[in-house]
Amino acid sequence: MTTIVDVAELEAKVKLMYQAVADRPEDDYHFEVGRPLAERLGYPSATLDQISVGAVESFAGVGYFHDLADLHVGEVVLDLGSGSGMDAFAAALAVGSAGNVTGLDMTPAQLDKARRIQASDGPAHVEFVEGHIDDLPFGDRRFDVVISNGVINLAPDKAAVFAEAARVLRPGGRLALADIVTQVQLTDAITCNVDLWASCIGGAAQVDDYQAAIEAAGLAVEVVRTNPYEFLSDQARGASTSYGVSSVSVLARKPAR
């Protein structure tokens with residue numbers, strides 16, 4: 001799962017795009033944003049009603065996985081690429097005040113928005129930390145569950161992301177995520193296109209390679225299911241049709257020993 005994209009250019013492009021999603025969720029993007037998307041993906045309306053409108057309006061996930069995560073009261077959760085915080089706040093509802101949720105993101109505008117929401121009307125047991133998902137600033141075996149939504153495809157080194165997730169999970173812990181994958185390996189012309197990477201297409205891994213990378217990190221894949229997700233722009237739709245780009249939700253588990 002190697003890439004030939006310019007990593008520095010990609011990070012700058014991703015930060016710029018998701019700054020826009022945080023600051024101007026009403027704009028047009030290659031992908032859907034906001035509550036209609038969340039509801040179509042399967043987020044219960046009752047859950048969304050309990051989360052700040054500001055977090056929901058900037059939601060740019062690609063699937064629903066909270067049923068797979070099966071969060072329990074008191075659990076400690078890490079959200080990789082937490083954006084404006086909608087998934088982190090949803091997780092906080094499930095784990096209650098006895099638990100804890102940490103959202104990690106590399107985009108300052110997203111972090112600023114999530115922190116403002118948390119400070120004004122968010123639960124006290126949620127925090128947001130700046131960092132990269134392939135180099136986590138946390139100790140080993142700290143979390144019961146790691147979640148992520150539409151973010152790992154943006155990482156040039158997915159193997160490193162899964163290795164880090166496995167490292168910070170406690171024995172028996174779960175990885176529950178939604179992400180973009182392909183049925184057919186993408187061409188170099190697409191994987192070199194930072195605009196398509198930032199739109200969650202250019203970095204999509206072939207689904208078998210994606211699962212193999214999770215398992216190589218020492219996690220056992222238990223569930224892979226397809227989500228009702230669609231891209232909006234003609235460029236993104238064209239790539240999706242040609243290469244079988246789709247969204248999947250995945251549950252994987254770290255061995256108990």
Side-chain angles (χ1 to χ4, degrees), residues 18 31-48 50-51 55-56 58-73 75-96 99-105 110 114 126 133 136 143-155 158 161-162 164-166 168-170 172-182 200 203-205 207 210-211 213-215 217 219-231 245-254:
Y18 290 95
F31 43 81
E32 293 182 79
V33 173
R35 180 160 182 153
L37 167 64
E39 290 182 336
R40 188 165 60 77
L41 292 175
Y43 284 81
S45 295
T47 298
L48 298 176
Q50 297 179 73
I51 299 172
V56 176
S58 290
F59 172 71
V62 301
Y64 182 68
F65 55 79
H66 287 267
D67 56 334
L68 300 179
D70 189 25
L71 298 174
H72 300 286
V73 171
E75 289 192 308
V76 181
V77 181
L78 171 64
D79 182 7
L80 302 180
S82 50
S84 292
M86 195 189 89
D87 278 308
F89 292 129
L93 293 172
V95 302
N100 181 266
V101 180
T102 300
L104 179 134
D105 206 281
Q110 292 277 17
V126 179
I133 63 175
L136 300 178
F143 299 96
D144 298 301
V145 185
V146 173
I147 62 175
S148 184
N149 202 336
V151 174
I152 297 175
N153 72 87
L154 297 170
K158 295 169 182 58
V161 176
F162 294 130
E164 282 289 87
V168 300
L169 276 173
R170 293 171 180 159
R174 290 105 64 202
L175 170 67
L177 62 87
D179 207 6
I180 299 298
V181 297
T182 70
C200 294
V207 62
Y210 193 91
Q211 293 183 56
I214 295 174
E215 292 170 347
L219 304 173
V221 176
E222 296 183 358
V223 178
V224 179
R225 73 179 183 211
T226 303
N227 298 313
Y229 183 79
E230 297 179 356
F231 291 98
V245 177
S246 63
S247 167
V248 294
S249 290
V250 178
L251 172 66
R253 193 177 304 270
K254 185 173 181 175

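Atom set for the values below is all heavy atoms of this structure, side chains included, hydrogens, waters and symmetry mates excluded. All figures in this text were calculated on a predicted structure; none of them were measured in a lab.
For Ser247, the side-chain hydrogen bond (donor to acceptor under 3.5 Å, both in side chains) test picks out Asn227, with sequence neighbours left out. Checked against side-chain hydrogen bond (donor to acceptor under 3.5 Å, both in side chains), Ser84 has the following partners two or more places apart in sequence or in another chain: Gln110. Shown here are the side-chain contact (heavy atoms from CB on, under 4.5 Å) partners of Asp70, two or more places apart in sequence or in another chain: His72. Applying the side-chain contact (heavy atoms from CB on, under 4.5 Å) criterion to Glu222, with sequence neighbours excluded, gives Leu251, Arg253. Remark: Glu164 pairs with Asp135, Leu136, Arg167 by the side-chain contact (heavy atoms from CB on, under 4.5 Å) rule, at least two apart or across chains.
Among Leu177, Ile133, Asn149, the one residue that satisfies the side chain to side chain contact (heavy atoms under 4.5 Å, CB included) test with Leu80 is Ile133. Considering Val224, Val181, Val248, Leu219 in turn, Val224 is the only one that fulfils the side chain to side chain contact (heavy atoms under 4.5 Å, CB included) rule with Gln211.
In this pair, Phe162 and Tyr210 present their aromatic rings perpendicular. The plane angle is above 60°, beyond the 30 to 60° band.
Ionic pairing of Arg225 and Asp67 is present here: one or more N-O contacts between side-chain nitrogen and carboxylate oxygen are shorter than 4.0 angstrom.
Considering all non-hydrogen atoms of both residues, Leu175 and Ala165 come closest at CD1-CB, 4.4 Å.
Residues Asp87 and Tyr64 have side chains that never bring a donor and an acceptor to within less than 3.5 angstrom of each other.
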Original post:
Can you list the steps and then say if Phe31 with Val62 is a side-chain contact (heavy atoms from CB on, under 4.5 Å)?
Top reply: CA-CA 9 Å; Phe31 43 81; Val62 301; over 6 Å; no
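At distances below 3.5 Å, at least one donor-acceptor pair connects side-chain atoms of Asp105 with backbone N or O atoms of Gly83.
Applying the salt bridge (charged side-chain N to carboxylate O under 4.0 Å, His left out) test to every pair with at least one member in residues 75-86, sequence neighbours left out, gives these pairs: Glu75-Arg174.
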